[in-house]
Amino acid sequence: MPGLMPLQRYLTEHRQQFEDDLCELLRIPSVSADRNYAGDVRRAADWVAGRLSRLGFATELIETNGNPLVYAESPPVPGAPTVLVYGHYDVQPADPLDQWTSPPFEPTVRDGNLYARGATDDKGQMLTHVNSIQAWIETAGRLPLQVKFLIEGEEEVGSESLNKFLERSADKLACNVVVVSDTAQFAPGQPAITYGLRGIAYFELRLTGPKHDLHSGTFGGGVANPANALARMLAALVDDDGRVQVPGFYDDVIPLADRERAQFAALAFDEQAFMERIGVDGLTGEVGYTNLERRWARPTCDINGIWGGYQGEGGKTVLPSTAGAKFSFRLVPRQDPHRVAAGLRELLTRICPAGIRMELIEMHGAPGALVSLDSPYMQAAARAIELGFERPPVFIREGGSIPIVTAFAERLGVDTLLLGWGLDDDNAHGPNEKFSLADFHRGIRASAYLWQELAGQGI
Ligand code: BES
Ligand code: MN
Ligand code: MN
């Protein structure tokens with residue numbers, strides 16, 4: 001390290017500055033799912049670009065058909081690897097607003113946690129790398145390896161523009177390994193490296209029956225009801241054993257190896273505490289699998305939103321003209337989102353009742369990812385985390401998706417290190433999203449060690 005002491009001292013002395021900086025970015029409501037926030041999305045991109053150019057990195061805002069990409073790089077270092085740091089400046093919508101204790105875009109500290117939309121996902125985690133690099137540059141004068149930053153604004157809506165950019169710009173992004181901090185630790189005080197992510201296939205289904213709402217007494221029973229049809233069609237997607245009924249769905253699934261099942265089982269997962277934390281009195285899922293297996297390594301289907309008919313106060317006897325739902329499948333490695341879409345269309349077309357018109361919209365998809373555990377870069381990352389968090393990481397998989405990770409492997413030919421500083425009770429995507437400030441600073445410290453450890457691997 002550049003003299004361990006000066007760097008450590010720098011990190012300690014700049015804690016407040018790092019927090020203030022993060023709050024500035026968190027105040028920008030860069031919601032990518034909602035076009036009304038397009039101006040804020042751009043402001044966030046500008047903010048990130050400004051922050052990276054302050055490091056002295058050659059920085060550009062790359063325009064796309066969607067939201068801009070922020071790219072920045074430091075000079076190459078002969079004999080040392082090049083690292084691509086990926087993250088996202090976009091966030092999920094903040095609703096339901098009335099469930100937030102403090103407003104989502106007014107970052108607030110309570111009990112050592114910083115509350116705001118994007119605090120953990122991904123603004124806070126992404127900035128740990130920016131801050132550790134600032135510390136290196138200001139104490140050592142330069143980084144021990146080349147770092148390229150690629151920060152995008154469409155991760156939460158499927159990374160379409162970045163995917164297109166990757167197709168034509170693999171040269172620019174050439175690197176030896178990708179680093180992403182956009183996942184979680186296994187538990188408080190137990191850091192983790194994630195080596196598997198699930199993929200996703202996301203759909204909207206719209207059903208239309210009669211040309212306007214009808215009296216459910218006069219017409220009910222003799223005219224197909226889109227809400228009834230929707231309930232039946234959605235229910236047909238998963239059977240009582242938790243098996244997805246889309247034709248061909250399991251054909252390409254990589255089964256869980258016994259060794260991996262044993263490793264999951266060896267993790268200290270407390271089912272009772274898990275149930276209490278999320279407020280349920282029972283758990284469910286595919287028959288024959290444990291809870292961690294179901295969430296990390298088995299494919300599934302969830303309805304994300306559902307509508308149709310009367311939702312107001314009191315009762316209204318109506319046969320609605322339309323009904324619809326948004327739903328998504330989580331996929332595991334080798335499952336192809338396009339094949340899932342084709343099978344789904346076949347199934348829904350077959351079971352859609354007479355008198356109902358169906359529109360199935362394929363919104364976005366991404367395959368799942370698995371990263372090799374025995375690369376030297378993986379070992380280097382484990383050492384950096386042990387130094388930063390004062391405890392060695394465990395190796396876990398994750399049920400969520402980071403759509404671009406598989407494209408990094410395919411287009412750049414490199415592995416991605418998923419080094420998450422969050423916690424799984426951070427409420428990402430939910431109300432009262434938070435990030436532990438202690439973990440923010442531990443993440444910065446681990447990141448500072450990471451550059452040293454990766455540089456030591458050579459190319
Ligand atoms: N950071 C998450 C991925 C994640 C989720 C990591 C849970 C660890 C735990 C990422 O921002 C995310 O939310 N991805 C979306 C992708 C989708 C919208 C295409 C997801 O998984 O829903
Ligand atoms: Mn994220
Ligand atoms: Mn997210």
Side-chain angles (χ1 to χ4, degrees), residues 25-26 30-34 44 48 66-67 85-94 104 116-129 150-163 178-187 191-204 274 278 292 295-297 299-305 326-332 337 340-341 362-369 371 395-407 416-431 433-435 439 443:
L25 179 57
L26 290 171
S30 45
V31 179
S32 51
D34 184 341
V48 172
N67 300 335
V85 177
Y86 164 82
H88 61 96
Y89 64 78
D90 65 322
V91 298
Q92 289 265 333
R117 169 58 84 237
T120 188
D121 186 11
D122 175 43
K123 291 171 174 174
Q125 295 207 56
M126 179 261 289
L127 283 181
T128 59
H129 299 300
L150 177 64
I151 311 298
E152 71 150 317
E154 294 176 26
E155 195 275 346
E156 299 290 11
V157 290
S159 299
E160 191 183 325
S161 300
L162 175 54
N163 246 310
V178 179
V179 166
V180 180
S181 289
D182 192 23
T183 49
Q185 304 176 65
F186 180 62
I193 294 182
T194 299
Y195 67 92
L197 293 166
R198 286 198 290 189
I200 190 166
Y202 199 111
F203 301 91
E204 179 169 331
F274 174 74
I278 57 177
L292 285 184
R295 290 187 291 127
W296 288 357
T300 188
C301 174
D302 276 286
I303 297 167
N304 304 112
K326 292 180 196 276
F327 59 98
S328 53
F329 299 87
R330 291 289 168 168
L331 309 178
V332 296
V340 171
E362 296 170 26
M363 293 176 65
H364 56 75
V371 189
F395 294 86
I396 64 173
R397 286 172 71 164
E398 164 59 52
S401 313
I402 303 178
I404 206 66
V405 168
T406 303
T416 295
L417 302 173
L418 297 159
L419 315 179
W421 320 137
L423 289 173
D424 73 353
D425 69 351
D426 276 346
N427 288 328
H429 298 197
E433 177 179 347
K434 64 160 175 69
F435 189 25
D439 285 331

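Note that ligands are numbered from 1 as they come in the structure, with each ligand's atoms numbered from 1 the same way. All of these numbers come straight from a predicted model, not from anything done at the bench.
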Nearest heavy atoms of [X] and [Y], plus distance in Å:
X      : Y      : value
Ser32  : Asn67  : CB-ND2, 3.9 Å
Gln185 : Trp421 : NE2-O, 3.1 Å
Glu155 : Pro403 : OE2-CD, 3.4 Å

**Asked** What are the protein N, O or S atoms, given as residue plus atom name, that sit under 2.8 Å from the Mn ion (ligand 3)?
**Response** Asp121 OD2, Glu156 OE1, Glu156 OE2, His429 NE2
**Asked** With no hydrogens and no angle check, is any side-chain donor or acceptor of Glu156 less than 3.5 Å from a backbone partner on Val91?
**Response** no
**Request:** Compile the protein residues with any heavy atom at a distance under 4.0 Å from an atom of ligand 1; present them by chain, then by number.
**Result:** His88, Asp121, Glu155, Glu156, Asp182, Thr183, Ile200, Arg330, His364, Glu398, Gly400, Ser401, Ile402, Pro403, His429
**Asked** Can you tell me how far the CG atom of Leu423 sits from the OG1 atom of Thr120, to the nearest 0.5 Å?
**Response** 7.5 Å
**Request:** Output all residues satisfying side chain to side chain contact (heavy atoms under 4.5 Å, CB included) with Ala187, sequence neighbours left out; order by chain, then residue number.
**Result:** Gln190
**Request:** Sequence neighbours left out, what passes salt bridge (charged side-chain N to carboxylate O under 4.0 Å, His left out) with Asp121? Give chain and number order.
**Result:** none
**Prompt:** More than 12 non-hydrogen atoms from neighbouring residues, nucleotides or ligands closer than 6.0 Å to CD on Glu204, yes or no?
**Reply:** yes
**Message:** For the residue pair Glu152 / Ser161, report whether a side-chain donor-acceptor contact shorter than 3.5 Å exists.
**Reply:** no
